[in-house]
Amino acid sequence: MIERGAPLHRSYVGQTEIGRALLKRSEEKRCYFSLKLDDPSFNVAPCATLLDR
């Protein structure tokens with residue numbers, strides 16, 4: 001069972017986690033991934049929404 005708010009995918013560089021993707025659902029009931037990369041080398045943490053068309 002998947003916990004609500006738990007990431008489904010994680011991004012690593014070596015053994016260090018630098019990002020995670022959460023499965024979310026839009027108001028239209030469509031599922032999508034919300035991806036955030038967070039690494040100290042980034043000035044700003046990039047975020048993306050990944051959709052299936």
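No hydrogens, no waters, no symmetry mates; every other heavy atom, side chains included, goes into these values. Computed from a prediction, not measured in an experiment: that's the story for all the values here.
Scanning for side-chain contact (heavy atoms from CB on, under 4.5 Å) contacts around Leu22 gives Pro7, Lys24, with sequence neighbours left out.
The list of salt bridge (charged side-chain N to carboxylate O under 4.0 Å, His left out) pairs with a residue in residues 5-23, not counting sequence neighbours, reads Arg10-Glu17, Glu17-Arg20.
Looking at every heavy atom in both residues, Leu51 comes nearest to Tyr32 through CD2-CB, 3.4 Å. Minimum heavy-atom separation, Phe33 to Leu8: CE2-CD1, 3.9 Å.
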For this session: Using the side-chain contact (heavy atoms from CB on, under 4.5 Å) rule, take Leu23 and Cys31 through it: C-alpha gap first, then chi angles, then the decisive distance, then the call.
Result: CA-CA 7 Å; Leu23 183 62; Cys31 292; 4.0 Å; yes

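Between Leu50 atom CG and His9 atom NE2 the span is 9.5 Å, to the nearest 0.5 Å. For the atom pair Ser11 OG and Asp38 CG, the distance stands at 11.5 Å (nearest 0.5 Å).
Val13 belongs to a hydrophobic cluster whose remaining members, ordered by chain and number, are Ile18; membership requires side-chain heavy atoms of ILVMFWY residues under 4.5 Å apart, directly or through intermediates.
Contact of the Phe42 side chain with the Leu37 side chain is registered, since non-hydrogen atoms from C-beta on lie closer than 4.5 Å.
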